[in-house]
Structures are given as C-alpha cells and as structure tokens.
Amino acid sequence: MTTVRDTIQRDLADEIQSVIKVAEASRLSMDLREYVLTDLLARQFGDVFSALVAGARPATNGTGKTGIWVSGFFGSGKSHFAKLIGHLAANTQTDGGPARELFRQRLRPGHARHDRIGELLQEADTHVLRAQLVAFDITALHGDSTENTGRIFLKALFRELGLSSVI
C-alpha cells in the first residue's frame with residue numbers, strides 16, 4: 001500500500017512554519033525547493049523581477065534603484081513571496097547553493113511564465129544584480145506612534161547597513 005510519505009519528497013517530521021520570517025535564511029533552501037509556483041505567482045514573480053532586473057541593466061548606469069512594497073490580506077502569502085523575491089534579488093547563499101539556482105530548479109521548461117522567470121534570473125546573474133534585503137515588522141516598529149512609514153523604513157535600512165538610525 002502506498003502512503004502519503006511515499007509520494008512526496010518532504011520530510012513529514014519537519015514542522016511547517018505558521019509564520020514566515022523574511023530575514024530568516026536558515027530554512028531558505030527548503031522554502032525554495034518546496035515553493036509551489038502557481039500561474040498567478042509566476043506572473044507576479046516575473047513582474048517584480050522584471051522591474052529589479054531593469055534597474056541592473058548597464059543602460060541605467062547604476063542609477064536604477066528599485067524598492068518593493070508587498071501588501072495583502074492576512075494569510076495571503078505576502079511574507080513568503082517577499083522572502084523569496086528578496087533572497088532571489090540578493091542571490092543569498094544557502095546550504096543548497098545560491099538562491100537563484102535553487103529557484104531555477106522549480107521552473108517548468110516550456111511553460112511561458114516559467115521560461116520568462118528563468119530568463120530574468122539569467123539576466124540578473126549576467127548584470128550582477130545586487131540587492132539589500134531589509135526586512136522589518138512595521139507594526140512592531142510603528143506601534144501607536146505618528147511616525148510615517150518612510151521614516152520607519154529608512155531607520156530599518158540604516159540599521160541593516162550598520163548605520164545610526166537617528167534621522
């Protein structure tokens with residue numbers, strides 16, 4: 001008799017994360033290997049990565065600075081999406097290899113949107129796309145203060161770069 005354990009590659013003893021932490025890279029290779037890339041997600045990955053790669057092209061002379069804001073309803077997958085797109089942009093090194101290479105393994109050849117993502121990942125490598133992943137919980141940082149979102153993000157960026165967060 002075939003069991004569920006026999007039909008999937010995932011170790012069922014591994015705990016499924018109920019909360020995704022964007023900056024947590026320890027589970028990144030597993031996240032990249034297990035991510036289910038639906039048609040809608042493939043389109044969204046393509047849209048976001050296209051904007052990132054456009055900023056890395058030589059014609060921009062290094063001035064193509066792109067920031068990404070991900071928003072959505074509770075439970076919609078925005079944290080998982082942000083984690084993966086951020087680490088793909090930064091090409092974070094994982095225990096299984098570079099993030100982009102692991103993600104390429106998820107792509108289905110002959111599927112137009114997957115092929116487009118593959119092309120964009122290759123272009124990111126060719127143009128040496130670099131990114132700084134700045135993850136922060138705006139609710140925890142904002143609280144009840146009247147400080148605007150831009151200042152909160154800027155402080156988080158400064159902290160990530162090892163600078164003073166005093167503006």
Side-chain angles (χ1 to χ4, degrees), residues 4 7-12 14-138 149-150 153-154 156-157 160-161:
V4 171
T7 60
I8 62 173
Q9 294 177 349
R10 186 179 212 290
D11 183 355
L12 296 176
D14 288 342
E15 184 179 338
I16 296 174
Q17 285 182 293
S18 59
V19 175
I20 300 293
K21 295 184 172 114
V22 175
E24 183 180 70
S26 63
R27 296 180 47 94
L28 181 58
S29 63
M30 184 184 305
D31 288 343
L32 288 163
R33 281 194 296 266
E34 295 181 348
Y35 196 73
V36 177
L37 195 59
T38 65
D39 284 343
L40 177 59
L41 286 170
R43 188 186 78 204
Q44 292 170 338
F45 267 96
D47 290 348
V48 171
F49 224 73
S50 179
L52 292 173
V53 168
R57 288 187 182 115
T60 63
N61 293 324
T63 59
K65 310 290 185 208
T66 305
I68 298 168
W69 183 270
V70 178
S71 64
F73 294 105
F74 178 79
S76 64
K78 61 192 170 296
S79 295
H80 209 167
F81 180 83
K83 178 178 184 174
L84 294 189
I85 204 79
H87 286 290
L88 288 172
N91 203 22
T92 304
Q93 184 64 35
T94 74
D95 57 356
R100 291 179 196 154
E101 188 53 41
L102 288 178
F103 198 71
R104 278 186 187 99
Q105 295 170 13
R106 303 295 306 146
L107 303 177
R108 296 186 313 261
H111 186 282
R113 288 192 174 128
H114 289 236
D115 290 345
R116 178 66 180 136
I117 293 170
E119 292 167 4
L120 291 165
L121 292 173
Q122 181 58 49
E123 195 173 353
D125 290 341
T126 300
H127 297 306
V128 193
L129 171 66
R130 295 180 310 152
Q132 179 70 41
L133 184 60
V134 181
F136 63 97
D137 181 348
I138 195 162
T149 303
F153 173 76
L154 193 56
L157 174 63
E160 184 70 29
L161 295 174

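Values below: all heavy atoms of this structure, side chains included; hydrogens, waters and symmetry mates excluded.
Note that OG of Ser29 is 11.0 Å distant from NE2 of His87, once rounded to the nearest 0.5 Å. Atom-to-atom distance recorded for Leu121:CG and Leu88:CG is 6.0 Å, nearest 0.5 angstrom. Interatomic distance, Leu32 CG to Arg100 CZ, rounded to the nearest 0.5 Å: 12.0 Å. Note that CD of Gln122 is 9.5 Å distant from NE2 of His127, once rounded to the nearest 0.5 Å.
The aromatic ring centres of His80 and Tyr35 sit less than 6.0 Å apart.
Annotation: side chain to side chain contact (heavy atoms under 4.5 Å, CB included) contacts of Thr38 (sequence neighbours excluded): Val36, Leu40, Leu41. The side-chain hydrogen bond (donor to acceptor under 3.5 Å, both in side chains) check on Asp47 picks up nothing, with sequence neighbours excluded. The side chain to side chain contact (heavy atoms under 4.5 Å, CB included) test applied to Glu101 returns Pro98, Arg104, Gln105, not counting sequence neighbours. Taking Asp115 as the reference, nothing meets the salt bridge (Lys or Arg N to Asp or Glu O under 4.0 Å) condition, with sequence neighbours excluded. In this view, Ala90 and Thr92, Ala131 satisfy the side chain to side chain contact (heavy atoms under 4.5 Å, CB included) rule, not counting sequence neighbours. Scanning for salt bridge (Lys or Arg N to Asp or Glu O under 4.0 Å) contacts around Arg113 gives an empty result, with sequence neighbours left out.
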- List the steps, then state whether side chain to side chain contact (heavy atoms under 4.5 Å, CB included) holds for Val70 with Val48. CA-CA 10 Å; Val70 178; Val48 171; over 6 Å; no
- Passes side chain to side chain contact (heavy atoms under 4.5 Å, CB included), Leu84 versus Leu28? Steps please. CA-CA 8 Å; Leu84 294 189; Leu28 181 58; 4.0 Å; yes
- Item | Full working for side chain to side chain contact (heavy atoms under 4.5 Å, CB included) between Phe49 and Glu123 | CA-CA 10 Å; Phe49 224 73; Glu123 195 173 353; over 6 Å; no
- Message: Does Thr94 form a side chain to side chain contact (heavy atoms under 4.5 Å, CB included) with Met30? I'd like the steps, not just the answer.
- Response: CA-CA 9 Å; Thr94 74; Met30 184 184 305; over 6 Å; no
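Shortest non-hydrogen contact noted between Leu129 and Leu52 is CD1-O, 3.7 Å. For the residue pair Arg108 and His114, the shortest heavy atom distance occurs at N-ND1, 3.0 Å. Between Leu102 and Arg33, the shortest heavy-atom contact is CD2-NH1, 4.4 Å. Of all heavy-atom pairs between Asn91 and Ala99, the closest is OD1-N, 3.5 Å.
Proximity of Leu120 to Phe45: side-chain heavy atoms (C-beta onward) are nowhere separated by under 4.5 Å.
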